[in-house]
A.B. asks: 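Mind having a look at this structure? Questions to follow.
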Amino acid sequence: MALPYLEAVLGFMILMYIFETYLDIRQHAALKLPRLPKPLEGVVSQEKFEKSRAYSLDKSHFHFVHEAVTILMDTAILYFGILPWFWKISGNLVAYMDLNAENEIIHTLSFLAGVMIWSQITDLPFSLYSTFVIEARHGFNKQTIWLFFRDMFKAICLYILLGPPIVAAIIVIVQKGGPYLAIYLWAFMFVLSIVMMTLYPILIAPLFNKFTPLPEGELREKIENLAASLKFPLKKLFVVDGSTRSSHSNAYMYGFFNNKRIVLYDTLIQQCKNEEEVVAVIAHELGHWKLNHTMYSFIAVQILTLLQFGGYTLVRNSKDLFQSFGFDTQPVLIGLIIFQHTVIPLQHLVSFGLNLVSRAFEFQADAFAKKLGYAAALRSGLVKLQEENLSAMNTDPWYSAYHYSHPPLVERLAALEEPGSKKED
């Protein structure tokens, strides 16, 4: 007797939707609170709080609709056997084009092309509404409809260019991997991630944004001096034109070994009028590097990837599993998709655990910047970024514990004010 894998997956998907909707309702109630949290009274202006509240509520309403539509579509696709039907149709299309439908790579690429078209069609209305209604209503959207579709076209072209060789390699590895399949898959994904992390900032990111060296001046000098004092191997310091698409701000660093680069969004520089606030944000980011957070995160991801592929090798030959989802054959890609659905419970637990670790890292990076003497500047910088990005001021503790990879502002400010806090360890 075949085990009810499909029913179990559908049941857990629905249970998770109910649970996460409950958390969303709690967060929505917190967003409706008419007053600032007490620690932010006198720190954040009432005007900014009202704007933040309106923006957060708009996003919350949109999220409820988007999640409801998503669970309905995902449930229908699995319950009504649309996935195996679509796999069969893609095979028929390959045969209609006089190609070899028995070739799993060609069949899989045909299937993925259809999936890409479907996802673009179903996601487009939500993307357009989010960008040109919600983001525009609250003054964040800066891109034109032409730029929006140009970015989408570039992303599709990259998918078409990079997707086929990667998919083909995965299929060949699975077909010929034997008892060491999990290790071969992990090794391939490890090399691929290194290559992409190297090429993305050099070849891909410039297709969407313009990166220019930070002009000579006091800000550049302060950042370079900070990096030098920490022996951070800073090679290049860029400003990216994030303002062409949105007024949201950010900063990040990338690179391997002695070839590190720091990127500042132009909106970050515009919003933090005080240069010390920008430097304090960079001190926080350098804290992640100095405390090896990036390395720890990378190692954790590699371990989880290897374990995931190990689990996949245990179920990839299960005919009952494939048949439960409506498949008579056992294609590699379909096996990966089914496996992802069957480990949803573990994925949610892992995600929750990673968020806990990430929040701990954020506290430690804040404490690092504080030790360097940037406590006041970081505090004012965090408040400024919270205000300018209209981030939620009131957060439900359950919601933030489950979803947030960064601690709420109230918690970060409290930690910065604590002398000798344990979070500095």
Side-chain angles (χ1 to χ4, degrees), residues 20 22-60 63 138 140 248-251 268 271-274 276-278 280-285 287-288 291 293 351-425:
E20 292 183 347
Y22 168 70
L23 294 181
D24 292 338
I25 292 172
R26 289 179 60 97
Q27 175 66 3
H28 192 81
L31 295 174
K32 292 173 70 175
L33 294 174
R35 293 183 179 180
L36 278 162
K38 285 188 177 182
L40 297 183
E41 291 178 358
V43 177
V44 174
S45 68
Q46 187 64 26
E47 179 187 2
K48 286 293 185 181
F49 169 64
E50 293 296 342
K51 289 182 177 180
S52 164
R53 184 166 170 265
Y55 177 53
S56 297
L57 285 171
D58 269 0
K59 289 197 300 179
S60 180
H63 177 75
H138 297 278
F140 287 117
H248 289 296
S249 56
N250 199 1
L268 175 67
Q271 292 169 6
C272 295
K273 305 298 183 183
N274 184 345
E276 284 297 312
E277 293 175 349
V278 179
V281 172
I282 299 303
H284 167 92
E285 295 301 326
H288 286 304
L291 298 170
H293 292 165
S351 177
F352 176 67
L354 291 176
N355 280 343
L356 289 176
V357 173
S358 176
R359 286 198 295 275
F361 283 171
E362 292 302 316
F363 281 126
Q364 291 172 10
D366 284 350
F368 181 85
K370 177 182 176 180
K371 285 182 178 180
L372 295 177
Y374 291 102
L378 181 59
R379 185 177 187 277
S380 60
L382 290 174
V383 172
K384 183 69 66 64
L385 293 176
Q386 187 88 357
E387 288 182 326
E388 296 302 324
N389 287 289
L390 299 183
S391 301
M393 305 292 177
N394 288 301
T395 56
D396 176 74
W398 287 22
Y399 180 90
S400 62
Y402 181 78
H403 283 292
Y404 282 11
S405 61
H406 286 53
L409 178 63
V410 171
E411 295 180 19
R412 295 181 72 175
L413 296 182
L416 283 171
E417 293 173 358
E418 291 178 8
S421 171
K422 292 181 180 180
K423 295 183 175 72
E424 295 181 24
D425 296 336

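The structure displayed is predicted, hence computed values, not measured ones.
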A.B. asks: Kindly write out the residues that satisfy salt bridge (Lys or Arg N to Asp or Glu O under 4.0 Å) with Glu41, not counting sequence neighbours, or none if the list is empty.
C.D. replies: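 If we apply the salt bridge (Lys or Arg N to Asp or Glu O under 4.0 Å) test to Glu41, skipping adjacent residues, there are no hits.
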A.B. asks: My understanding is that only residues two or more places apart in sequence, or in another chain, count here; which of them pass salt bridge (Lys or Arg N to Asp or Glu O under 4.0 Å) with Arg379?
C.D. replies: Glu417
A.B. asks: My understanding is that only residues two or more places apart in sequence, or in another chain, count here; which of them pass side-chain hydrogen bond (donor to acceptor under 3.5 Å, both in side chains) with Tyr402?
C.D. replies: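 Scan of Tyr402 (side-chain hydrogen bond (donor to acceptor under 3.5 Å, both in side chains), adjacent residues dropped) gives Glu20, His348.
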A.B. asks: Can you tell me how far CE of Met393 sits from CD of Glu50, rounded to the nearest 0.5 angstrom?
C.D. replies: 10.5 Å
A.B. asks: Where do His284 and Ala369 come nearest, in terms of heavy atoms and distance?
C.D. replies: N-CB, 4.0 Å
A.B. asks: Roughly how far, to the nearest 0.5 Å, is NE2 of His406 from OG of Ser358?
C.D. replies: 5.5 Å
A.B. asks: If every non-hydrogen atom of Leu291 is compared with every non-hydrogen atom of Ala365, which pair is closest and at what distance?
C.D. replies: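 Looking at all heavy atoms of both residues, the shortest contact is CD1-N, 4.3 Å.
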A.B. asks: Kindly list each side-chain donor-acceptor pair under 3.5 angstrom involving residues 22-30, sequence neighbours excluded, with atom names and distances?
C.D. replies:
{"residue": "Tyr22", "atom": "OH", "partner": "Arg26", "partner atom": "NH1", "Å": "3.2"}
{"residue": "Asp24", "atom": "OD2", "partner": "His63", "partner atom": "NE2", "Å": "3.0"}
{"residue": "Arg26", "atom": "NE", "partner": "Asp396", "partner atom": "OD1", "Å": "3.1"}
{"residue": "Arg26", "atom": "NE", "partner": "Asp396", "partner atom": "OD2", "Å": "3.0"}
{"residue": "Arg26", "atom": "NH2", "partner": "Asp396", "partner atom": "OD1", "Å": "3.0"}
{"residue": "Gln27", "atom": "OE1", "partner": "Asp396", "partner atom": "N", "Å": "2.8"}
{"residue": "His28", "atom": "ND1", "partner": "Ser60", "partner atom": "OG", "Å": "2.7"}

A.B. asks: Which residues pass the ring pair (Phe, Tyr, Trp, His ring centres under 6.0 Å) test with His138, not counting sequence neighbours?
C.D. replies: Tyr55
A.B. asks: Check Phe368 against Ala283 and note the closest heavy-atom contact, atom names and distance.
C.D. replies: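 In terms of heavy atoms, the two residues are closest at CD2-O, 3.8 Å.
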A.B. asks: For a quick test of reading the model, state the closest non-hydrogen atom pair linking Ala392 to Leu31 and the distance between them.
C.D. replies: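 Taking Ala392 first and Leu31 second, the nearest heavy atoms are CB-CD2, 3.6 Å.
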A.B. asks: Please report the closest heavy-atom contact between Asn274 and Glu276, naming both atoms and the distance.
C.D. replies: OD1-N, 2.9 Å
A.B. asks: Calculate, to the nearest 0.5 Å, the distance between atoms CD and CD belonging to Glu388 and Gln271 respectively.
C.D. replies: 5.0 Å
A.B. asks: Do His288 and Glu362 pass the side chain to side chain donor-acceptor pair (under 3.5 Å) test, and can you show the C-alpha distance, the side-chain angles, and the key distance before you say yes or no?
C.D. replies: CA-CA 8 Å; His288 286 304; Glu362 292 302 316; 3.1 Å; yes
A.B. asks: By ring pair (Phe, Tyr, Trp, His ring centres under 6.0 Å), which residues pair with Phe361, not counting sequence neighbours?
C.D. replies: His293
A.B. asks: If you measure from NZ on Lys384 to CG on Leu378, what distance do you get to the nearest 0.5 Å?
C.D. replies: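 Output value for this atom pair is 13.0 Å.
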A.B. asks: So, taking the atom named CG in Leu409 and the one named OG1 in Thr395, what distance separates them when rounded to the nearest 0.5 Å?
C.D. replies: 9.5 Å
A.B. asks: Of all heavy-atom pairs between Lys370 and Leu416, which one has the smallest distance, and what is that distance?
C.D. replies: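 Result for this residue pair: NZ-O, 3.0 Å.
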